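Numbered from 1 within each chain, the chains take letters A, B, ... in sequence-line order. Bear in mind the structure is a predicted one, so any value in this text is a computation, not a measurement.
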Amino acid sequence: MPAGVFSGSSMTTEVNALGQRSAESHEITPGLEAFLRAATGSDARVTSATRLAGGASRDSWAVDVEMGAPEGPSTLELVLRRDLGGKIRPDALERVEEFAVLEAAHDAGVMAPRPFWVCADPSYLERPFFLMQRVEGEAVGRRLVRDDAFAAAREVLPRQMGEQLARIHSVDYRAAGLGFLEAPPAGVSPAVHVLGQLTERLDEIAEPHPALELGITYLAQDPPPCDQICLVHGDFRVGNLQVGPEGLRAVIDWEFAHLGDPSEDVAWPCLRDWRFGNDSAHVGGMGDRAEYYAAYSEVSGREVDPAAVAWWEMEGNLAWAIGCLQQARRHTSGEEPSVELASLGRRACEMELELLDLIGRAEAQATAGPQA
Amino acid sequence: MQDRPTAAELLDATRDFVQGEVAAAVEERRLRFRALIAANLLAIVEREEALGHGQLAAEQVRLMELLGHRRPTDPVPRSEQLGAEVAALSAELCRRIRSGEFDTPGRFEPALAHCRSTVEEKLAIANPKYLAKFGSNGAAEAEPGGGGGGGGAS
């Protein structure tokens, strides 16, 4: 293990005239090269390192690596994801855990970026990190839903999304060593477990939100059972999909993966907020539930239960409303000052309205009877 | 008393500047995005200045009725005091919802109606376009083929 690879000052970055951080590639290059040489025994050089995103809790870099002798010259285009301390949410996976999920998914034939290396040793880049294949594409929801360049992709994406979720849910999580993932206690359904977690999160926020209290009360009446928990992605939606003009290229952002009810994953991408303005197309603003459900059941061998999905869609809006309030608190507490995080606090009411809407419609149907 | 521009006029001037001049001049995509968010937050504050106090008064009346307290007959107090009173009433509603008091149909419906009014008030300040689209008087139609089947009230 190389000693003295960098000094403590390597963690600082310069701030330019506009107050932006400049992505100094030498921040990570020496440490990364040292790691790659130790890990592969070959003469690796980092030819490019650009910060993609950074916050208080983690950062991502696009890195190009030339692997030298003895493997021969070859270039790898990778993404490096690193923990920085702190968490965007308490249930977010650490980098080492996320890597394990990525490996399991990739091995099971899910369109996940190919995982390369993971490093828990803080002596290289001061924090654990992993490297995975960099997949070029567009992930921004608004563009994918609107731009002509993605018209062909929109035709196929709902089916592709159904297929990928079915593959994720069929991963043998025990065989893949993912037993460490958060799971409901024995004898407790995922729905009941998650409702308990949401109640705790709402209590921590310690502000009155009667709409959310009503949501919890309503959902607690009839939580769906789950006959078999499985690996769930936890944030599968347009926004976390890398897409090209031809269609899906990669499922990314696995840090909220856990063990739970597959219907939770099936419902999440259908939430109104993930339709990016094209509200009549329920699946990511691109397609109908019918084709998405059909693709899911073709690959998984299981029918989608619309009643369970309806419950998890309400839960999803409730969870995302709470998530918005929590993200705003990361700003107001000083943990991560950010206009974006602050603004999320004023978006929770959009999800509250959707939750109340869904409840109102479900109640009206229940009153009207099954023939309505 | 303060000189003009009024607080509302200052907010409007700042929002206009950030949105019209600063955001337009920024080349870096993510920074421009954050500048537009900042302009939107100023618009939210403008609307809150205009609408906030009236909304609090309406919310107080609804909460008093829902919780079975005597309706206030005194003149509406200043915003800070009214805000604290509404927060306390809302917290009481939350505790009572949690305790199961509103679980029966006769109680659930009025609680749902109150919550909906409150959420729509929040949206009138935070995102009036969203409210116009999805609110009770909104343009969005009832969606067929939703998660649990078609029909139902929109």
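Between A:D279 and B:K133, the closest side-chain pair of non-hydrogen atoms falls below 4.5 Å. No side-chain heavy atom of B:L112 sits under 4.5 Å from any side-chain heavy atom of A:Y218. B:R116 places none of its side-chain heavy atoms less than 4.5 Å from the side chain of A:L214. Side-chain contact between A:P210 and B:T118 is absent, with no heavy atoms from C-beta onward closer than 4.5 Å.
What you find for B:Y130 and A:L353 is that their closest heavy atoms are CE2-CD2, 4.1 Å. The two residues B:V119 and A:A211 come nearest to each other via the heavy atoms CG2-CB, 3.9 Å.
The stretch residues 327-347 of chain A places A:V339, A:E340, A:S343, A:R346 near chain B, each with some heavy atom under 4.5 Å from a heavy atom of that chain. Residue-level contacts of residues 39-49 of chain B with chain A, in order of numbering, are B:L41, B:I44, B:E48; threshold 4.5 Å between heavy atoms.
Once rounded to the nearest 0.5 Å, the distance linking CD1 of A:I359 with CZ of B:F108 reads 5.0 Å. Note that CD1 of A:I216 is 10.0 Å distant from CD1 of B:I97, once rounded to the nearest 0.5 Å. In this structure, A:L202 CG and B:C94 SG are separated by 7.0 Å, a value rounded to the nearest 0.5 Å. Between atom OG of residue B:S136 and atom CG of residue A:D357 there is a gap of 8.0 Å, rounded to the nearest 0.5 Å.
When heavy atoms are compared at a cutoff of 4.5 Å, A:E363 approaches chain B solely by way of its side chain, counted from C-beta outward. For A:T367, no part lies near chain B; criterion is any non-hydrogen pair under 4.5 Å. Within the 4.5 angstrom heavy-atom criterion, only side-chain atoms of B:I125, from C-beta onward, approach chain A. Contact of A:A362 with chain B is not made at all, since no heavy-atom distance falls under 4.5 Å. Neither the backbone nor the side chain of B:R96 has a heavy atom closer than 4.5 Å to any heavy atom of chain A. With a 4.5 Å cut-off on non-hydrogen atoms, B:L93 touches chain A through its side chain but not through its backbone.
Under a cut-off of 6.0 angstrom, the local environment of CD in B:E109 is crowded, with over 12 non-hydrogen atoms contributed by other residues, nucleotides or ligands.
Your options are A:M314, A:E207, A:R143, A:Q221, and the one with the most heavy-atom pairs under 4.5 Å with chain B is A:R143.
Using a 4.0 Å cut-off between a side-chain N of Lys or Arg and a carboxylate O of Asp or Glu, B:K122 and A:E352 qualify as a salt bridge.
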Stepwise side chain to side chain contact (heavy atoms under 4.5 Å, CB included) check, A:T217 with B:R98: CA-CA 7 Å; A:T217 275; B:R98 189 76 74 90; over 6 Å; no
Full working for side chain to side chain contact (heavy atoms under 4.5 Å, CB included) between B:F102 and A:E213: CA-CA 10 Å; B:F102 292 88; A:E213 293 286 345; over 6 Å; no
